[in-house]
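So the structure is just underneath, and the comments pick up after that.
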Amino acid sequence: MKVKLMIFIFLTTIYMLACKNEPDKTNRIVGTSSYELSNGDTINLIYNGLKQGHWVVMKTIAVNHVSVTKTERVVVEEGFYKDNKKEGVWKYFNNDGSLKDSVLYNNGEPVKD
């Protein structure tokens, strides 16, 4: 009887350790956060507390439509993070979606021309 109990405890412990890093119900590894798009891309990933990969920053603005004010979400900036630092080309947008500016970053710092 003691042997069966010891085997049960051993197998339960192994199972719990193996499941520790299983994806949660949203198909993300526990300890991360992100948004999964319908085309399979992931944006705004935070892994181990650091921003990683493709990021899209949005804001809500008020838009007037024939005496009715509505709110819309618009993209403000878009680019890539590596270990919480901006990397590569970042695009900055006006409220109407037009490109305001683009800046090249290396290790979080803008690259001077």
Side-chain angles (χ1 to χ4, degrees):
M1 189 64 145
K2 286 184 179 183
V3 172
K4 287 183 181 180
L5 180 60
M6 289 176 61
I7 291 173
F8 175 77
I9 292 171
F10 175 75
L11 292 176
T12 302
T13 304
I14 295 298
Y15 176 76
M16 291 174 68
L17 290 173
C19 292
K20 183 177 181 181
N21 287 325
E22 284 293 313
D24 66 10
K25 292 180 183 176
T26 59
N27 293 325
R28 294 180 298 189
I29 302 298
V30 175
T32 67
S33 65
S34 65
Y35 298 93
E36 296 177 15
L37 304 176
S38 60
N39 63 359
D41 286 344
T42 301
I43 61 170
N44 299 6
L45 174 67
I46 297 176
Y47 184 74
N48 289 334
L50 301 175
K51 295 176 184 176
Q52 302 287 353
H54 186 202
W55 271 68
V56 177
V57 180
M58 301 182 85
K59 74 175 182 179
T60 303
I61 62 168
V63 180
N64 294 320
H65 293 284
V66 189
S67 74
V68 177
T69 301
K70 296 182 179 182
T71 59
E72 292 181 3
R73 303 262 302 150
V74 295
V75 175
V76 178
E77 58 186 79
E78 179 178 17
F80 287 84
Y81 274 103
K82 181 178 179 185
D83 298 331
N84 231 33
K85 296 178 181 176
K86 290 181 177 181
E87 192 66 38
V89 176
W90 273 74
K91 296 178 183 177
Y92 298 90
F93 300 94
N94 295 308
N95 288 344
D96 64 2
S98 62
L99 184 64
K100 180 195 288 187
D101 195 10
S102 62
V103 178
L104 178 64
Y105 287 88
N106 184 17
N107 201 28
E109 298 293 326
V111 175
K112 307 288 186 212
D113 288 333

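Positions are given from 1, in the same order as the sequence printed here.
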| request: Please collect all salt bridge (charged side-chain N to carboxylate O under 4.0 Å, His left out) contacts where either partner lies in residues 100-109, sequence neighbours excluded, each pair once. | output: none
Per-pair distances, 0.1 Å, donor-acceptor, side chain in residues 67-74, under 3.5 Å, sequence neighbours excluded:
residue	atom	partner	partner atom	Å
Thr69	OG1	Asn64	OD1	2.7
Arg73	NH1	Thr60	OG1	3.4

| Quick one: side chain to side chain donor-acceptor pair (under 3.5 Å) partners of Tyr105, sequence neighbours excluded? | Tyr92
| task | Mind checking the NZ-CG spacing from Lys51 to Leu45? Nearest 0.5 Å is all I need. | result | 12.0 Å
| said: I need the full list of salt bridge (charged side-chain N to carboxylate O under 4.0 Å, His left out) pairs touching residues 74-88, with sequence neighbours left out, sorted by first then second residue. | reply: Glu77-Lys86
| said: Do Phe93 and Val76 make a side-chain contact, defined as non-hydrogen atoms from C-beta onward lying under 4.5 Å apart? | reply: no
| query | Do you reckon Val57 sits in the same ILVMFWY cluster as Ile43, going by side-chain contacts under 4.5 Å, direct or chained? | reply | no
| request: Could you pull out all residues at least two apart from Asn94 that satisfy side chain to side chain donor-acceptor pair (under 3.5 Å)? | output: Ser98
| request: Is it possible for you to say whether Ile61 and Met58 belong to one hydrophobic cluster, with membership spreading through side-chain heavy-atom contacts below 4.5 Å? | output: no
| query | For Tyr81, which residues count as a ring-ring contact (aromatic ring centres under 6.0 Å, His included) partner, sequence neighbours excluded? | reply | Trp55, Trp90
